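Report on the following structure.
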Amino acid sequence: MALIASVLTVFCALVLAYASRLFPSRSVNTAVSISGLGYALPGTIIAIGVIIPFAWLDHQIIDAVKSLSGDKIGLLMSGTIFALLFAYIVRFMAVSLGAVQSGLGKIKPSLDMAGRSLGLTPVGVLREIHFPLLRGSVLTALLIVFVDVLKELPATLILRPFNFNTLAVRAFELASDERLADAAPASMMIVLVGLIPVILLSRSIASRT
(Lines give C-alpha, C1' and ligand atoms only; values in the text may rest on other atoms or scores of the structure.)
Protein backbone atom coordinates (compact mmCIF):
# COMPACT_ATOMS: atom_id res chain seq x y z
CA MET A 1 0.00 0.00 0.00
CA ALA A 2 2.79 2.42 0.87
CA LEU A 3 4.58 1.71 -2.40
CA ILE A 4 1.46 2.08 -4.56
CA ALA A 5 0.34 5.22 -2.72
CA SER A 6 3.75 6.86 -2.98
CA VAL A 7 3.99 6.21 -6.74
CA LEU A 8 0.47 7.54 -7.39
CA THR A 9 0.99 10.57 -5.16
CA VAL A 10 4.28 11.56 -6.78
CA PHE A 11 2.80 11.06 -10.26
CA CYS A 12 -0.10 13.39 -9.42
CA ALA A 13 2.31 15.90 -7.87
CA LEU A 14 4.46 15.82 -11.01
CA VAL A 15 1.42 16.50 -13.20
CA LEU A 16 0.24 19.38 -10.99
CA ALA A 17 3.67 20.97 -10.66
CA TYR A 18 4.31 20.75 -14.40
CA ALA A 19 0.84 22.17 -15.17
CA SER A 20 1.65 25.10 -12.90
CA ARG A 21 4.91 25.62 -14.80
CA LEU A 22 3.24 25.46 -18.22
CA PHE A 23 0.18 27.51 -17.32
CA PRO A 24 1.11 29.86 -14.46
CA SER A 25 -2.37 31.36 -14.28
CA ARG A 26 -4.10 32.30 -11.07
CA SER A 27 -6.66 29.51 -11.38
CA VAL A 28 -4.03 26.80 -11.90
CA ASN A 29 -1.87 28.08 -9.04
CA THR A 30 -4.93 28.21 -6.78
CA ALA A 31 -5.86 24.63 -7.68
CA VAL A 32 -2.31 23.46 -6.97
CA SER A 33 -2.30 25.28 -3.62
CA ILE A 34 -5.64 23.73 -2.64
CA SER A 35 -4.39 20.26 -3.55
CA GLY A 36 -1.63 20.64 -0.96
CA LEU A 37 -3.92 21.46 1.96
CA GLY A 38 -4.45 17.82 2.94
CA TYR A 39 -1.24 17.61 4.97
CA ALA A 40 -2.49 20.36 7.29
CA LEU A 41 -5.66 18.41 8.14
CA PRO A 42 -5.96 15.45 10.53
CA GLY A 43 -6.30 12.04 8.95
CA THR A 44 -9.78 11.67 10.45
CA ILE A 45 -11.03 14.77 8.63
CA ILE A 46 -9.52 13.52 5.38
CA ALA A 47 -11.25 10.16 5.82
CA ILE A 48 -14.65 11.77 6.44
CA GLY A 49 -14.13 14.09 3.48
CA VAL A 50 -13.41 11.06 1.27
CA ILE A 51 -16.10 8.69 2.49
CA ILE A 52 -19.04 11.11 2.14
CA PRO A 53 -18.74 11.76 -1.64
CA PHE A 54 -17.71 8.16 -2.30
CA ALA A 55 -20.77 6.85 -0.43
CA TRP A 56 -23.01 9.28 -2.36
CA LEU A 57 -21.51 8.13 -5.67
CA ASP A 58 -21.92 4.48 -4.69
CA HIS A 59 -25.61 4.97 -3.94
CA GLN A 60 -26.12 6.78 -7.24
CA ILE A 61 -24.53 3.85 -9.08
CA ILE A 62 -26.59 1.32 -7.09
CA ASP A 63 -29.85 3.16 -7.85
CA ALA A 64 -28.96 3.46 -11.55
CA VAL A 65 -28.14 -0.26 -11.88
CA LYS A 66 -31.26 -1.23 -9.98
CA SER A 67 -33.48 0.93 -12.18
CA LEU A 68 -31.91 -0.38 -15.39
CA SER A 69 -31.56 -4.09 -14.68
CA GLY A 70 -33.19 -4.72 -11.33
CA ASP A 71 -29.97 -6.20 -9.99
CA LYS A 72 -28.64 -5.29 -6.57
CA ILE A 73 -24.96 -4.56 -6.26
CA GLY A 74 -22.87 -3.69 -3.25
CA LEU A 75 -20.70 -0.70 -2.59
CA LEU A 76 -18.06 -0.25 -5.27
CA MET A 77 -15.84 2.48 -3.81
CA SER A 78 -16.63 3.02 -0.14
CA GLY A 79 -14.64 0.75 2.13
CA THR A 80 -12.29 -0.34 -0.65
CA ILE A 81 -8.58 -0.08 -1.35
CA PHE A 82 -9.39 2.59 -3.95
CA ALA A 83 -10.91 4.89 -1.32
CA LEU A 84 -7.94 4.32 0.98
CA LEU A 85 -5.43 5.10 -1.77
CA PHE A 86 -7.37 8.24 -2.68
CA ALA A 87 -7.22 9.37 0.95
CA TYR A 88 -3.47 8.77 1.04
CA ILE A 89 -3.00 10.87 -2.11
CA VAL A 90 -5.03 13.74 -0.67
CA ARG A 91 -3.28 13.46 2.70
CA PHE A 92 0.31 13.45 1.45
CA MET A 93 0.09 15.45 -1.77
CA ALA A 94 1.74 18.48 -0.14
CA VAL A 95 4.85 16.46 0.76
CA SER A 96 5.49 15.22 -2.76
CA LEU A 97 4.35 18.48 -4.35
CA GLY A 98 6.88 20.48 -2.35
CA ALA A 99 9.76 18.24 -3.38
CA VAL A 100 8.78 18.19 -7.06
CA GLN A 101 8.17 21.94 -7.22
CA SER A 102 11.52 22.56 -5.57
CA GLY A 103 13.23 20.43 -8.22
CA LEU A 104 11.35 22.08 -11.09
CA GLY A 105 12.27 25.51 -9.76
CA LYS A 106 15.95 24.71 -10.29
CA ILE A 107 15.43 23.95 -13.99
CA LYS A 108 15.79 27.07 -16.11
CA PRO A 109 12.93 27.94 -18.49
CA SER A 110 15.50 28.19 -21.29
CA LEU A 111 15.71 24.39 -21.28
CA ASP A 112 11.97 24.20 -21.94
CA MET A 113 12.35 26.64 -24.83
CA ALA A 114 15.27 24.69 -26.26
CA GLY A 115 13.30 21.45 -26.13
CA ARG A 116 10.27 23.00 -27.78
CA SER A 117 12.44 24.54 -30.51
CA LEU A 118 13.73 21.04 -31.28
CA GLY A 119 10.17 19.82 -31.86
CA LEU A 120 9.39 18.24 -28.48
CA THR A 121 5.87 18.41 -27.15
CA PRO A 122 5.28 19.57 -23.55
CA VAL A 123 5.06 15.91 -22.51
CA GLY A 124 8.25 15.21 -24.43
CA VAL A 125 10.03 18.05 -22.64
CA LEU A 126 8.94 16.58 -19.32
CA ARG A 127 10.06 13.08 -20.31
CA GLU A 128 13.31 13.89 -22.09
CA ILE A 129 14.58 16.94 -20.20
CA HIS A 130 12.84 17.48 -16.89
CA PHE A 131 12.48 13.95 -15.57
CA PRO A 132 16.20 13.06 -15.78
CA LEU A 133 16.97 16.28 -13.88
CA LEU A 134 14.19 15.59 -11.37
CA ARG A 135 15.24 12.07 -10.39
CA GLY A 136 16.65 13.21 -7.06
CA SER A 137 13.54 15.24 -6.19
CA VAL A 138 11.22 12.45 -7.31
CA LEU A 139 13.14 9.89 -5.27
CA THR A 140 12.98 12.16 -2.23
CA ALA A 141 9.23 12.60 -2.63
CA LEU A 142 8.72 8.85 -3.07
CA LEU A 143 10.66 7.98 0.07
CA ILE A 144 8.99 10.61 2.25
CA VAL A 145 5.48 9.64 1.16
CA PHE A 146 6.34 5.95 1.58
CA VAL A 147 7.34 6.46 5.21
CA ASP A 148 4.31 8.67 5.93
CA VAL A 149 1.85 6.16 4.47
CA LEU A 150 3.54 3.33 6.34
CA LYS A 151 2.70 4.88 9.70
CA GLU A 152 -0.64 6.53 8.81
CA LEU A 153 -3.36 5.40 11.26
CA PRO A 154 -6.56 7.54 11.53
CA ALA A 155 -7.55 7.52 7.85
CA THR A 156 -6.64 3.83 7.55
CA LEU A 157 -8.80 2.87 10.53
CA ILE A 158 -11.85 4.57 9.03
CA LEU A 159 -11.49 3.69 5.35
CA ARG A 160 -9.84 0.26 5.33
CA PRO A 161 -11.81 -2.69 3.96
CA PHE A 162 -13.02 -5.39 6.31
CA ASN A 163 -10.36 -7.91 7.35
CA PHE A 164 -7.63 -5.61 6.04
CA ASN A 165 -4.86 -4.55 8.41
CA THR A 166 -1.76 -2.49 7.94
CA LEU A 167 1.22 -2.62 10.27
CA ALA A 168 0.10 0.60 11.98
CA VAL A 169 -3.44 -0.70 12.50
CA ARG A 170 -2.17 -4.04 13.83
CA ALA A 171 0.15 -2.36 16.30
CA PHE A 172 -2.62 0.00 17.42
CA GLU A 173 -5.16 -2.78 17.96
CA LEU A 174 -2.79 -4.89 20.02
CA ALA A 175 -1.51 -1.94 22.04
CA SER A 176 -5.11 -0.86 22.76
CA ASP A 177 -5.74 -4.32 24.24
CA GLU A 178 -2.64 -3.89 26.45
CA ARG A 179 -0.93 -6.69 24.50
CA LEU A 180 2.28 -4.72 24.23
CA ALA A 181 4.49 -7.74 23.64
CA ASP A 182 2.29 -8.86 20.73
CA ALA A 183 2.29 -5.31 19.32
CA ALA A 184 6.10 -5.20 19.33
CA PRO A 185 6.70 -7.15 16.06
CA ALA A 186 4.42 -4.88 14.01
CA SER A 187 5.93 -1.79 15.62
CA MET A 188 9.47 -2.97 14.99
CA MET A 189 8.56 -3.82 11.40
CA ILE A 190 7.38 -0.23 10.85
CA VAL A 191 10.69 1.04 12.21
CA LEU A 192 12.81 -1.39 10.17
CA VAL A 193 10.93 -0.89 6.90
CA GLY A 194 10.91 2.87 7.49
CA LEU A 195 14.68 2.87 7.97
CA ILE A 196 15.33 1.66 4.42
CA PRO A 197 13.91 4.79 2.72
CA VAL A 198 15.67 7.00 5.28
CA ILE A 199 19.02 5.37 4.49
CA LEU A 200 18.40 5.70 0.74
CA LEU A 201 17.37 9.34 1.17
CA SER A 202 20.45 10.07 3.27
CA ARG A 203 22.73 8.55 0.63
CA SER A 204 20.95 10.46 -2.12
CA ILE A 205 21.43 13.75 -0.28
CA ALA A 206 25.08 12.94 0.47
CA SER A 207 25.77 12.12 -3.19
CA ARG A 208 24.42 15.50 -4.28
CA THR A 209 26.51 17.50 -1.82
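This one's a predicted model, so the numbers in the text were calculated from it and none came from an experiment.
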Before giving the answer on side-chain contact (heavy atoms from CB on, under 4.5 Å), spell out for Leu134 and Ile107 the whole-Å C-alpha distance, their side-chain angles and the decisive distance to 0.1 Å.
-> CA-CA 9 Å; Leu134 285 173; Ile107 301 175; 4.1 Å; yes
Could you give the side-chain donor-acceptor pairs of residues 89-98 under 3.5 Å, partners two or more places apart or in another chain?
residue: Arg91; atom: NH1; partner: Tyr39; partner atom: O; Å: 3.3
residue: Arg91; atom: NH1; partner: Leu41; partner atom: O; Å: 3.4
residue: Ser96; atom: OG; partner: Met93; partner atom: O; Å: 3.1

Report the C-alpha distance between Ile4 and Tyr88 in whole Å, list the side-chain angles of each, state the deciding distance to 0.1 Å, and finish with yes or no for side-chain contact (heavy atoms from CB on, under 4.5 Å).
-> CA-CA 10 Å; Ile4 296 172; Tyr88 287 153; over 6 Å; no
Using atom types as modelled and distance alone, determine if a side-chain donor or acceptor of Ser20 lies under 3.5 Å from a backbone N or O of Ala17.
-> no
N/O donor-acceptor pair under 3.5 Å between Gln101 side chain and Leu104 backbone = no
Are there more than 12 heavy atoms of other residues, nucleotides or ligands under 6.0 Å from atom CZ of Phe23?
-> no
In terms of hydrophobic clusters joined by side-chain contacts under 4.5 Å, are [X] and [Y] together?
X: Leu8; Y: Phe131; result: yes
X: Phe82; Y: Phe11; result: no
X: Leu157; Y: Leu150; result: no
X: Leu153; Y: Ile45; result: no
X: Val7; Y: Ile81; result: yes

Any side-chain heavy-atom pair of Leu84 and Phe164 under 4.5 Å = yes
With rounding to the nearest 0.5 angstrom, report the [atom1] to [atom2] distance, [X] to [Y].
X: Leu192; Y: Met189; atom1: CG; atom2: CE; value: 6.5 Å
X: Lys66; Y: Leu68; atom1: NZ; atom2: CG; value: 12.5 Å
X: Thr9; Y: Asp148; atom1: OG1; atom2: CG; value: 10.0 Å
X: Lys151; Y: Thr166; atom1: NZ; atom2: OG1; value: 12.5 Å

Ignoring hydrogens, what is the shortest heavy-atom contact between [X] and [Y]? Give both atom names and the distance.
X: Glu152; Y: Thr156; result: O-OG1, 3.2 Å
X: Leu16; Y: Ser35; result: CD1-OG, 3.5 Å
X: Pro132; Y: Glu128; result: CG-O, 3.6 Å
X: Ser137; Y: Ala99; result: CB-O, 3.5 Å

Scan the side chains in residues 167-176 for donor-acceptor partners under 3.5 Å anywhere in the protein, sequence neighbours excluded, and list what turns up.
residue: Glu173; atom: OE1; partner: Asn165; partner atom: ND2; Å: 3.3
residue: Glu173; atom: OE2; partner: Arg160; partner atom: NH2; Å: 3.2
residue: Ser176; atom: OG; partner: Phe172; partner atom: O; Å: 2.7

Return a table of donor-acceptor pairs under 3.5 angstrom between the side chains of residues 52-60 and protein atoms on other chains or two or more places apart.
residue: Asp58; atom: OD1; partner: Leu76; partner atom: N; Å: 3.2
residue: Asp58; atom: OD1; partner: Met77; partner atom: N; Å: 3.0
residue: Asp58; atom: OD2; partner: Met77; partner atom: N; Å: 3.1
residue: Asp58; atom: OD2; partner: Ser78; partner atom: N; Å: 2.7
residue: Asp58; atom: OD2; partner: Ser78; partner atom: OG; Å: 2.9
residue: His59; atom: ND1; partner: Ala55; partner atom: O; Å: 2.7

Hey, could you give me each pair passing side-chain hydrogen bond (donor to acceptor under 3.5 Å, both in side chains) that has a residue in residues 44-54? Not counting sequence neighbours.
-> none
Distance-only donor-acceptor pairs under 3.5 Å for side chains of residues 111-126, two or more places apart:
residue: Asp112; atom: OD1; partner: Arg21; partner atom: NH2; Å: 2.9
residue: Asp112; atom: OD1; partner: His130; partner atom: NE2; Å: 3.0
residue: Asp112; atom: OD2; partner: Arg21; partner atom: NE; Å: 3.1
residue: Asp112; atom: OD2; partner: His130; partner atom: NE2; Å: 3.3
residue: Arg116; atom: NE; partner: Leu120; partner atom: O; Å: 3.0
residue: Ser117; atom: OG; partner: Met113; partner atom: O; Å: 3.3
residue: Ser117; atom: OG; partner: Ala114; partner atom: O; Å: 2.6
residue: Thr121; atom: OG1; partner: Gly124; partner atom: N; Å: 3.1

Taking only residues two or more places apart in sequence, or in another chain, which ones meet Ile34 in a side chain to side chain contact (heavy atoms under 4.5 Å, CB included)?
-> Thr30, Leu37
Just do the side-chain contact (heavy atoms from CB on, under 4.5 Å) check on Tyr18 and Val100 with the steps written out, would you?
-> CA-CA 9 Å; Tyr18 192 51; Val100 173; over 6 Å; no
